[in-house]
Amino acid sequence: MSSLQALCSGLPLRPLPENRGRWAGVPHAPVRTPSLSPAEEQLALRNALRYFPPDVQELLAPEFAQELRLYGHIYMYRFCPTMKMRAYPIEQYPCRTRAAAAIMHMIMNNLDPAVAQFPQELVTYGGNGQVFSNWAQFWLTMSYLSQMTEEQTLVMYSGHPLGLFPSTPWAPRLVITNGMVIPNYSSRTEYEKLFAMGVTMYGQMTAGSYCYIGPQGIVHGTVLTVLNAGRRYLGVKDLTGKVFVTSGLGGMSGAQAKAAVIVGCIGVIAEVDRAALMKRHEQGWLMEVTSSSDHCIERLREARKRKEVLSLGYHGNVVDLWERLVHELDTTGELLVDLGSDQTSCHNPFNGGYYPVQLGFAEAQSLMASDPAAFKGLVQESLRRQVSAINRLAKENFFFWDYGNAFLLEAQRAGADVEKKGASKTEFRYPSYVQHIMGDIFSLGFGPFRWVCTSGDPQDLAVTDELATCVLEKAIAGGVNPAVKLQYMDNIRWIREASKHRLVVGSQARILYSDQKGRVAIAVAFNQAIARGEIKAPVVLSRDHHDVSGTDSPFRETSNIYDGSAFCADMAVQNFVGDAFRGATWVALHNGGGVGWGEVINGGFGLVLDGTQEAEQKARMMLSWDVSNGVARRCWSGNRKAYEIICQTMQDNKGLVVTLPHAVAAERMLQQALQP
């Protein structure tokens with residue numbers, strides 16, 4: 001494919017592109033095992049063929065049937081574009097609106113091989129976070145976007161572009177839903193069947209909403225998490241010489257290596273997939289690699305002694321690493337690790353998200369496809385061993401937290417010893433990072449705000465970095481409470497050091513944790529700079545769905561809400577709807593993301609700043625709601641920090657009126673009232 005014009009011209013049918021199958025030299029998604037009945041297989045094939053006219057169906061039918069048999073899904077490899085997939089400068093897209101061109105820029109970034117985990121299977125990150133279900137959907141979506149006017153909205157059903165529908169200039173240009181399965185049928189088993197049949201899709205968070213910005217997005221969150229873990233658990237501000245052990249170097253977890261360097265500690269990250277490990281090493285995010293546990297321990301000891309800053313990739317299973325650390329403790333009395341977590345894709349443990357210690361990588365992939373039940377048994381045994389080793393280390397001065405990947409949830413289901421006596425359903429022996437660290441940050445209204453410079457010019461990104469820094473410094477100078485000031489200072493440090501850490505992978509993007517006031521002020525500063533010509537092209541504002549208001553997830557984002565509503569999804573759904581009519585350029589609502597299918601409802605948005613007064617008005621209105629919704633919910637659940645923030649916000653914005661909860665007097669009163 002030679003041009004973006006051709007890419008936006010609809011499905012290439014006459015002639016059909018050559019079927020080159022799976023490409024060599026790029027990572028591919030594990031084989032899926034949906035266990036379809038013969039009738040369901042026919043339905044999957046029929047659903048795939050309906051994208052094509054009858055004269056080509058006879059050629060494509062056996063080809064698609066073979067894909068279904070070999071890979072458990074019809075990806076339509078024949079239609080994978082040969083044009084280099086990347087975020088091209090916005091002016092190069094053949095569109096009638098800047099909003100549509102910005103969306104195309106974001107879609108192609110999510111599928112860039114430098115960014116995407118399994119680009120040919122349209123998976124951006126997390127092992128199964130799809131941008132689309134198949135390549136026909138990509139072609140049709142690009143064609144629709146190229147035709148769209150300011151009075152149309154493109155509707156997406158789980159990867160499928162339903163069509164362009166009349167709307168208004170203030171309406172979103174794009175509305176996305178992913179995985180909206182009736183609750184009683186939202187099980188993993190049903191999902192595998194529905195995805196294989198091409199009727200639903202797991203969009204993770206920012207994969208299916210087209211807002212992924214590469215692993216930089218989680219680098220910053222990991223930096224804040226590890227910094228605050230040091231403050232909370234170890235009582236230190238300086239992590240020099242401290243050891244952080246974890247696992248995963250994939251699309252999201254790969255951020256851990258860079259985060260360890262930024263905070264100044266020793267990070268040891270295990271990864272079973274050599275391709276993923278070497279990708280991070282070649283990017284410069286991973287300083288050293290080893291496949292020897294002996295060398296790993298030796299290097300760890302040396303770095304601790306010299307107080308080096310180090311990111312060390314261990315090519316092997318993390319269970320072996322944890323058990324080796326236990327061995328060193330039991331035989332030498334030396335505790336070699338201070339902090340620990342896990343970032344395997346445990347939300348998808350039996351389909352390539354977690355590899356059992358008993359098998360090598362290739363052997364595990366083979367068993368996963370040939371005997372799923374046996375594979376599941378080994379995974380659960382491996383989880384029990386991993387928890388057993390962590391529990392032994394935790395008896396010493398070592399601290400572990402769950403990184404919101406469903407690790408403790410799946411360990412519990414496997415029978416591992418993670419119970420916390422007398423606790424609620426969302427609590428385990430170890431806290432989630434939201435319960436102990438990020439929850440307080442969310443309650444202050446801070447979360448992973450981000451932007452993308454659609455010019456593709458690094459100079460535009462440098463301008464936005466400087467503007468954002470000035471906004472935060474001005475806010476501090478104007479006076480803020482100490483907790484807010486600490487967050488601003490952490491983020492000023494982050495953004496000042498961002499360029500030297502080579503964080504950009506794919507689009508020219510930046511992430512910055514900010515509160516409502518900061519987000520609005522940054523957006524206004526960007527929009528005015530675009531109007532003055534200081535930034536050469538529109539800027540897309542977005543955020544991770546993992547944010548103050550965007551996600552209801554009882555084992556992650558809302559795990560620190562203790563009023564019984566952690567399993568309710570009103571906040572995320574209201575956020576999606578509210579963003580849509582307050583000016584978002586596009587909105588998305590997903591089932592699944594982070595901790596897995598059926599465990600979470602989450603949503604996101606994209607907002608295009610183009611230098612107009614209308615864009616500024618939309619940004620002020622939408623960004624205010626997008627943060628205050630979640631702060632108000634946390635306030636109502638009894639969070640004191642959120643209470644203080646929402647009271648201050650109501651003073652600043654007279655249009656905001658929130659019901660504030662009264663304190664319940666005493667536990668004794670409740671007990672007496674409930675006595676028979």
Side-chain angles (χ1 to χ4, degrees), residues 213 216-217 219-228 231 237-238 259 262-264 438 440-453 457-504 508-535 539-544 547-548 607 609 611 615-616 619-620 623-624 626-628 631 641 644-645 648-649 651-653:
I213 60 168
Q216 176 190 174
V219 170
H220 189 26
T222 307
V223 165
L224 292 177
T225 299
V226 177
L227 276 176
N228 285 287
R231 292 165 180 164
K237 294 181 180 179
D238 183 359
I262 293 174
V263 302
M438 298 306 293
D440 283 348
I441 293 174
F442 285 169
S443 296
L444 293 170
F446 282 80
F449 183 55
R450 57 180 60 171
W451 61 87
V452 176
C453 297
D457 187 344
Q459 182 55 38
D460 274 357
L461 185 60
V463 172
T464 61
D465 283 350
E466 182 59 32
L467 287 170
T469 303
C470 289
V471 165
L472 298 187
E473 289 175 337
K474 184 178 179 180
I476 292 172
V480 292
N481 76 47
V484 170
K485 182 179 179 180
L486 178 62
Q487 295 306 317
Y488 278 157
M489 294 300 295
D490 281 348
N491 281 279
I492 289 169
R493 170 187 167 187
W494 158 264
I495 207 162
R496 282 178 173 163
E497 296 181 357
S499 59
K500 78 176 184 182
H501 288 296
R502 297 167 59 190
L503 293 167
V504 171
Q508 293 296 315
R510 183 71 72 228
I511 185 170
L512 177 76
Y513 270 59
S514 185
D515 58 356
Q516 175 183 323
K517 189 176 290 187
R519 296 186 206 200
V520 172
I522 289 169
V524 170
F526 288 176
N527 198 57
Q528 292 175 353
I530 295 167
R532 294 191 300 267
E534 295 169 16
I535 298 172
V539 171
V540 174
L541 300 183
S542 186
R543 57 162 170 75
D544 196 343
D547 194 19
V548 182
L607 175 60
L609 298 177
E616 179 175 323
R620 287 183 183 277
L623 293 174
S624 295
D626 194 66
V627 177
S628 61
V631 177
K641 291 181 179 178
E644 293 169 0
I645 294 296
Q648 182 62 54
T649 306
Q651 290 181 21
D652 296 340
N653 184 352

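- Residues S443 and V631 come closest through the heavy atom pair O-CG1, 3.9 Å.
- Taking both residues in full, the closest heavy atoms of L609 and I530 are given as O-CD1, 3.4 Å, listed atom of the first, atom of the second, then distance.
- Side chains of I213 and W451 form no contact here, defined as non-hydrogen atoms less than 4.5 Å apart.
- Judged purely by atom type and a 3.5 angstrom limit, E534 has no side-chain atom pairing as donor or acceptor with the backbone of V463.
- Residues D465 and R496 form no side-chain contact, since every pair of their non-hydrogen atoms from C-beta on lies 4.5 Å or further apart.
- Contact detail for L512 and A468: the closest heavy-atom pair is CD2-CB, 4.2 Å.
- Expressed to the nearest 0.5 Å, how far CG of L503 lies from CD1 of I262 amounts to 5.0 Å.
- By the side chain to side chain donor-acceptor pair (under 3.5 Å) test, Q487 pairs with no residue at all, sequence neighbours left out.
- Within the 4.5 Å cutoff, the side chain of I535 has heavy atoms near those of the L467 side chain.
- For the pair R450 and Q216, the minimum side-chain heavy-atom distance is 4.5 Å or more.
- Closest of all the heavy-atom pairs between S624 and V520 is OG-CG2, 3.8 Å.
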*Take R510 and V504 through the side-chain contact (heavy atoms from CB on, under 4.5 Å) test and state the conclusion after the steps.*
CA-CA 8 Å; R510 183 71 72 228; V504 171; 4.1 Å; yes
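- One finds the CG atom of N527 at 13.5 Å from the CD1 atom of I522 (value rounded to the nearest 0.5 Å).
- Here the straight-line distance linking atom OG of S514 with atom CZ of F446 works out to 5.5 Å at 0.5 Å rounding.
- Across all their heavy atoms, Q508 and P458 have their closest contact at OE1-CA, 3.3 Å.
- Note: R543 CZ to I511 CD1 = 11.5 Å, rounded to the nearest 0.5 Å.
- Expressed to the nearest 0.5 Å, how far CD1 of I645 lies from CZ of F442 amounts to 14.5 Å.
- Heavy atoms only, all atoms of each residue included: A619 and L607 are closest at CA-CD2, 3.6 Å.
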*Check step by step if side-chain contact (heavy atoms from CB on, under 4.5 Å) holds for F526 and L541.*
CA-CA 10 Å; F526 288 176; L541 300 183; 4.1 Å; yes
Check: residues 476-483 side-chain donor-acceptor pairs under 3.5 Å, at least two apart:
residue : atom : partner : partner atom : Å
N481    : OD1  : A483    : N            : 3.0
N481    : OD1  : V484    : N            : 2.9

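- Note: W494 CH2 to L224 CG = 8.0 Å, rounded to the nearest 0.5 Å.
- Under a 4.0 Å N-O distance rule, the pair R231/D440 does not qualify as a salt bridge.
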*Take H220 and D544, measure what side-chain contact (heavy atoms from CB on, under 4.5 Å) needs, and give me the verdict at the end.*
CA-CA 11 Å; H220 189 26; D544 196 343; over 6 Å; no
